[in-house]
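Below is one structure, written out as structure tokens; the observations come after it.
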Amino acid sequence: MYPLRRNRRLRTNESIRSLVRETVISPNDFIVPLFVVEGKNVKEEIGSMPGYFRLSLDLLEKEVKELWNLGLKSVLLFVKVSEELKDNAGKEALNPEGLMQRSIKTVKNAVPEMIVMTDVALDPYSKFGHDGIIADGKVLNDDTTAVLAEMSLSHAKAGADIVAPSDMMDGRIFEMRSLLEDEGFHDTAIMSYSAKYASAFYGPFRDALDSAPVDAANIPKDKKTYQMDPSNREEAIRETLMDIEEGADIVMVKPGLCYLDIVRDIRNAVNIPVAVYQVSGEYAMIKAAAEKGWLDHDAVMLEQLTAIKRAGANMIASYFAKEAVKLIS
Ligand code: PBG
């Protein structure tokens, strides 16, 4: 009578497969990253991210209405800052009338229920393309976290629901939480990029914002003194637990696909929501292979998103959000 158990019984047809399916992605899982630029009626395709665009505020307004109608309920805002506004201090990041602050208000006016998350980091504002203030060839930690806290406050004042520091300075969550509490922004949440690796998959994003580290004397060539070494696993847990102690409401692993072991470790180690960022390079790889006709775009996209959720992600920041939601609904 062998075998008593035949695993194929529960795979016989799509109905039974859907009955026993363990992981299902839905619009509720997604955070939509959006790139904003100055101007009117501007929709610029990002060279290394086919099908993804930088939008001016008027088109941002249209876009978020469309996203909302598709069931997508949170956006993560990034701004492209013009060269002459960049410095080594993040001054423009604190401008109450800056592009980020206006973007937040634009989204909130267009769709008040849309959750607005904002990128908190200095690289789009840095003339050196780094996430911190630089002196003597080093990225300064504590001077940077002080600005990041002010930046969070500025975003909260403009109406952000969740501030999302993507910089990897030490102690920034505590600085941000403390200032937000002091200023009465008790309900502004923090989503910390807590295990963010020094990855080669961020290239297309740096094209999108023109934010790559500049090649100059005494400027670090990469972000390895603050972002994590891809070889490390235990350190990711340590980083994440520290951010939770400092007051993070949501933690994040970034990038996605190459780091799913970390996602599972962290999902098992913490009891708050875990986000995963499927980054620009992951998007670009699928687009490029599909363009060549080498992979089935939609199938690979859904497989990767499902894998990220199966690994333990409670939410996924993904440039595929809109396409995926159109397919699954
Ligand atoms: C920088 C930042 C990066 C991304 C989000 N915030 C790039 C970097 O760290 O250099 C990458 C996102 C992506 O590649 O999609 N603070």
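Order of appearance sets the numbers: ligands from 1, and atoms from 1 within every ligand. All heavy atoms count here, side chains included; hydrogens, waters and symmetry mates do not. Residues: numbered from 1 along the sequence shown.
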Hey, is [X] close enough to [Y] for a salt bridge, meaning N to O under 4.0 Å?
| X | Y | answer |
| --- | --- | --- |
| K86 | E83 | yes |
| E38 | R102 | yes |
| D215 | K221 | yes |
| D123 | K223 | yes |

| query | Is it true that F35 and F53 have ring centroids separated by less than 6.0 Å? | reply |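 No, the ring centres sit 6.0 Å or more apart.
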| task | Would you mind checking which non-hydrogen protein atom is closest to atom 14 (O) of ligand 1, with the distance to 0.1 Å? | result |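 The closest one turns out to be S280 OG, 2.7 Å.
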Throw together a table of side-chain donor-acceptor distances under 3.5 angstrom for residues 313-324, partners on residues two or more places apart or in other chains.
unit_1: N314; atom_1: OD1; unit_2: R267; atom_2: NH1; d: 2.5
unit_1: N314; atom_1: OD1; unit_2: V274; atom_2: N; d: 2.9
unit_1: S318; atom_1: OG; unit_2: Q278; atom_2: OE1; d: 2.6
unit_1: S318; atom_1: OG; unit_2: F320; atom_2: N; d: 2.9
unit_1: Y319; atom_1: OH; unit_2: Y277; atom_2: OH; d: 2.7
unit_1: K322; atom_1: NZ; unit_2: E63; atom_2: OE1; d: 3.2
unit_1: K322; atom_1: NZ; unit_2: E63; atom_2: OE2; d: 2.9
unit_1: K322; atom_1: NZ; unit_2: E66; atom_2: OE2; d: 3.3
unit_1: E323; atom_1: OE1; unit_2: K287; atom_2: NZ; d: 2.9
unit_1: E323; atom_1: OE2; unit_2: K287; atom_2: NZ; d: 3.1

For ligand 1, which atoms, with element, lie under 4.0 Å from some heavy atom of [X]?
| X | value |
| --- | --- |
| R206 | 8 (C), 10 (O) |
| Y319 | 12 (C), 13 (C), 15 (O) |
| Q227 | 8 (C), 9 (O) |
| S166 | 1 (C), 2 (C), 6 (N), 16 (N) |
| D131 | 1 (C), 16 (N) |
| K254 | 2 (C), 3 (C), 4 (C), 5 (C), 6 (N), 11 (C), 12 (C) |
| D123 | 1 (C), 2 (C), 16 (N) |
| K223 | 8 (C), 9 (O), 10 (O) |

| query | Yes or no on side-chain hydrogen bond (donor to acceptor under 3.5 Å, both in side chains) for N268 and R264, after CA distance, side-chain angles and deciding distance? | reply | CA-CA 6 Å; N268 291 347; R264 176 45 62 188; 3.1 Å; yes
| message | On a heavy-atom basis, I'd like to know which of F205, F78, Y277 is closest to atom 7 (C) of ligand 1. | response |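 Looking at heavy atoms only, F205 sits closest to atom 7 (C) of ligand 1.
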Identify all side-chain donor-acceptor contacts of residues 151-163 below 3.5 Å with residues at least two apart in sequence or on another chain.
unit_1: S152; atom_1: OG; unit_2: L148; atom_2: O; d: 2.8
unit_1: S154; atom_1: OG; unit_2: Q101; atom_2: NE2; d: 2.7
unit_1: H155; atom_1: ND1; unit_2: T118; atom_2: OG1; d: 2.8
unit_1: D161; atom_1: OD1; unit_2: K108; atom_2: NZ; d: 3.4
unit_1: D161; atom_1: OD2; unit_2: K108; atom_2: NZ; d: 2.8
unit_1: D161; atom_1: OD2; unit_2: V116; atom_2: N; d: 2.8

| message | Is there a polar contact, in the sense of an N or O pair closer than 3.5 Å, between K196 and ligand 1? | response |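 For ligand 1, there is an N or O atom that lies under 3.5 Å from one belonging to K196.
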| request: Under 4.0 Å, heavy atoms only, figure out whether ligand 1 is touched by the backbone of V279, its side chain, both or neither. | output: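 Answer for V279: both.
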